[in-house]
Every structure is written in structure tokens, then in C-alpha cells.
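Worksheet: the structure to be examined is printed underneath.
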Amino acid sequence: MQFINYFNQDAYTNIAMDAWLLKNLHPDKPIFSLWQNKRAVIVGENQNTFSEVNADYIDAHDIQVVRRVSGGGAVYHDLGNICFTFFVPVASSARVDFRQFVKPMADALESVGIHVDISGRNDLEIDGKKISGNAQRYAGGYLMHHGTLLWNTNVDAMVRSLNVADEKFISKAAKSVRSRVGNIKDYAPKELTIEKFIAQLQYYLTNEGEDEEYKLSETQKNDILKLRDEQFSQWSWNYGKSPKFMYNNHAKFDGGSIDTQIDVEDGKITDINFTGDFLGVRDWREMKAQFIGLPFTRQAVSQVLEKNKDGQYFGSITIDELLGTFFQKDEVSNND
Ligand SMILES: Nc1ncnc2c1ncn2[C@@H]1O[C@H](COP(=O)(O)OC(=O)CCCC[C@@H]2CCSS2)[C@@H](O)[C@H]1O
């Protein structure tokens with residue numbers, strides 16, 4: 001199989017590249033790529049980004065959040081994770097079997113001495129632990145099948161990045177399926193490094209190095225960068241495309257309790273209500289209009305609360321306590 005070199009480790013660029021190549025590459029024969037992202041969470045096409053990521057952790061650790069064009073759940077990437085993409089001409093989307101792509105990757109791993117099982121969900125597993133997740137997108141006679149390979153990803157950071165108490169979010173969005181994950185490195189021959197591992201997969205998939213690189217032109221590269229800038233790096237795509245949702249939370253404080261209910265559409269607050277047992281000096285509804293149309297982010301909401309703090313709308317409940325009812329606080333230190 002011929003291959004394409006993705007030209008950097010920026011998740012905005014790489015997710016844009018997957019999408020652009022699916023629409024524009026139109027290969028006669030299958031082409032693949034192996035690539036990597038710096039720390040990022042990649043959410044599925046129809047997911048609610050707000051409920052899938054731990055916003056505080058993501059912000060504190062400079063983790064990119066990008067929506068891809070394939071379905072499925074949210075995954076965490078770092079430089080210990082390897083991504084692969086196949087672009088394949090197909091007769092019709094109905095005939096495409098997930099296993100058709102999962103199997104060659106399983107064989108590639110076998111060729112470097114790593115035995116994996118294919119789960120009922122078409123994840124790759126070692127020892128009952130997921131080491132690869134896969135997703136697909138069909139468009140106009142071509143299929144993009146992409147997946148991950150966990151070599152030595154920081155699982156602690158993965159769990160913290162993806163963690164959110166999602167029962168507070170009510171919507172029709174696709175939910176991720178949490179799994180017990182493992183790293184391939186723990187099962188690989190001792191001397192195998194990630195560089196050698198990638199080189200060996202490449203060797204296997206290129207028919208022992210026989211098949212050549214498909215070189216992108218400068219124009220093609222520029223088109224990809226344009227798509228990144230206009231779509232895949234934009235908040236309006238990565239967050240704003242989340243299906244509309246309702247956020248519900250109940251919180252108890254020394255100064256009373258608050259039930260918060262917020263409607264969000266296109267990532268923006270369309271309605272907000274506070275009920276419960278708190279004694280505001282003034283009625284919070286006086287500032288209700290200021291919330292409408294704001295992005296559902298800690299920063300935007302806290303600005304409104306700060307600006308209006310003299311009104312003591314929530315009695316003895318502090319702004320920080322109140323913000324905690326919207327957004328979870330990352331309890332973890334920022335040293336890692
Ligand atoms: N990098 C990575 N690889 C495998 N599994 C992961 C990863 N990160 C998190 N997880 C686990 O999978 C579930 C989500 O599983 P779920 O089955 O919901 O979603 C997926 O697998 C989607 C895979 C998308 C692959 C694309 C390829 C190129 S860009 S992203 C998550 O809660 C974790 O438990």
C-alpha cells in the first residue's frame with residue numbers, strides 16, 4: 001500500500017487532513033498513513049464536547065480538543081499514541097466491514113511479535129485491555145477508516161482528560177464507551193522502541209517497503225491548512241457543533257442549596273434557571289439576560305457573576321461555589 005506522511009503533530013491539522021483527504025484524495029487503490037498528535041482529545045462527530053471533556057484539566061494542561069468527522073466516542077492522544085488512517089475506494093458504504101481494516105492492523109502487530117484479539121466492538125485488545133479504538137466515515141465512493149494504537153500513553157492523563165460526571169448532561173449526543181485500556185509497550189519485546197515499532201508497521205503495510213510515498217503537492221498542503229484554520233481549529237466546530245443539551249445540577253452548601261438548569265444550543269446558553277434554597281439579597285433573574293447567548297464556558301459565566309457580585313444574588317453562596325455547580329473543578333495538581 002502507498003502511504004502519506006502527515007506533516008506535523010498538531011491535532012487541528014491532522015484531523016483536518018483526515019477530513020480533507022477523504023473528500024479530495026480519491027485514490028485508485030488503498031492508501032494509509034501513520035501519524036501522531038501532541039496531547040489532544042478527539043471527540044466523535046455527534047458528541048457533546050462539553051460532557052466528554054474535563055474542561056478544567058484540559059485548560060490547565062494545554063490539551064487540544066478537536067471534533068473529527070467520524071462517529072464513535074472521545075479518545076485521548078499524546079505522543080505515546082499512534083494513529084493510522086486508511087483511505088479506500090469502495091463500491092458502497094453498506095458493504096464496508098469494520099473487520100476488514102481492523103484485521104490488517106492486527107496482522108501488522110502480529111508481524112512485530114505482538115498478539116492482539118479483536119473484541120466484539122472491533123476494538124483491538126491485549127489481555128482483555130483495549131489498545132486500539134477505530135472509527136469510519138464514508139463519502140462519495142471513498143472510505144476513511146482511522147484508529148489508534150496505545151503504545152505508552154499516559155493513562156492517568158487520559159482518564160482525567162475524559163472524565164466528566166455526564167449524567168448532568170441530557171441530550172441525544174453519542175456517548176463514549178469507557179473501557180479498561182492498556183499499553184502495547186508492556187507486552188512488546190523489551191528492545192522495541194516506539195520509533196522502531198512505527199517503522200516496522202510501516203514496513204509491513206508497504207509490502208516490505210516496496211510501495212512508495214504518495215507525495216502531496218504544496219497546493220494540497222495549503223488547502224489542508226486552510227481547512228484547519230477555517231473549521232477544525234474553531235470553537236464553533238469543536239464545541240459549537242455539540243447537539244443541543246440541557247445541563248442539570250444540584251449542589252448543597254453551608255448557605256443553602258441550588259438547582260441549576262441550563263439549555264445550550266450551538267455551544268451557547270439559550271436559557272438558564274436557578275431554583276432551591278438560597279436567600280439572595282436581590283433576585284438573580286435581574287441578570288438572567290446577561291447569560292443568554294454566552295458560550296457555556298467557565299470564563300464567560302464567571303465574568304457575568306463577577307460583574308454582578310455586589311447584588312449578592314445568591315446570598316452567602318460564593319462565586320466559586322456557584323461556578324462549581326456549572327463546571328467541575330479539577331482537583332488534581334498541575335505539576336504533571
Ligand atoms: N487513544 C486511545 N486509544 C484507544 N482507546 C482509548 C484511547 N483514549 C481513550 N480510550 C478509551 O476508549 C474509550 C472510548 O471508546 P469509544 O469506543 O467510545 O470511542 C473510540 O474508541 C473512538 C476511536 C476513534 C479513533 C480515531 C482515530 C484517529 S482520530 S480518533 C475511552 O473512554 C477510553 O476508555
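If you're wondering where the values come from, they're calculated on a predicted model, not measured in any experiment. As the structure lists them, so they are numbered: ligands from 1, and atoms in each ligand from 1.
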Enumerated ligand 1 atoms positioned under 4.0 Å from heavy atoms of [X]:
{"X": "S176", "answer": "18 (O)"}
{"X": "G147", "answer": "27 (C)"}
{"X": "R121", "answer": "17 (O)"}
{"X": "S179", "answer": "34 (O)"}
{"X": "N81", "answer": "1 (N)"}
{"X": "A74", "answer": "14 (C), 31 (C)"}
{"X": "G133", "answer": "4 (C), 21 (O), 23 (C), 25 (C)"}

Can you see whether [X] engages [Y] through a side-chain donor-acceptor pair at a distance of less than 3.5 angstrom?
{"X": "D78", "Y": "N154", "value": "no"}
{"X": "R228", "Y": "T13", "value": "yes"}
{"X": "R285", "Y": "Y313", "value": "no"}
{"X": "S176", "Y": "Q47", "value": "yes"}
{"X": "Q64", "Y": "Y12", "value": "no"}

* Of the listed options (T85, D78, V75), which comes nearest to atom 20 (C) of ligand 1 when hydrogens are ignored and any heavy atom counts? ->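 When every heavy atom of T85, D78, V75 is considered, V75 comes closest to atom 20 (C) of ligand 1.
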* To do: Only heavy atoms count here, so choose which of Q47, H77, H146, H145 is nearest to atom 26 (C) of ligand 1.
  =>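 Looking at heavy atoms only, H146 sits closest to atom 26 (C) of ligand 1.
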* Structure fact -> On a heavy-atom basis, the closest approach of F245 and F50 is CE2-CD1, 3.5 Å
Heavy-atom contacts under 4.0 Å between [X] and ligand 1: side chain, backbone, both, or neither?
{"X": "K175", "answer": "neither"}
{"X": "L162", "answer": "side chain"}
{"X": "D18", "answer": "neither"}
{"X": "K130", "answer": "side chain"}

* Of R67, K241, R137, R68, which is the lone residue that meets side-chain hydrogen bond (donor to acceptor under 3.5 Å, both in side chains) with E45? -> R137
* Asked: Is any N or O atom of W35, backbone or side chain, closer than 3.5 Å to an N or O atom of ligand 1?
  -> no
* Asked: Just distances here: any N/O of I131 and N/O of ligand 1 closer than 3.5 Å?
  ->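 By distance alone, the answer is no.
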* To do: Could you tell me whether ligand 1 has any atom less than 4.0 Å away from a heavy atom of L150?
  => yes
* Asked: What is the distance from atom CG of L34 to atom CD of Q202, rounded to the nearest 0.5 Å?
  ->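 If we round to the nearest 0.5 Å, L34:CG and Q202:CD are 5.5 Å apart.
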* To do: List the steps and the verdict of ring pair (Phe, Tyr, Trp, His ring centres under 6.0 Å) for F314 and F274.
  => CA-CA 10 Å; F314 299 96; F274 298 104; 4.9 Å; yes
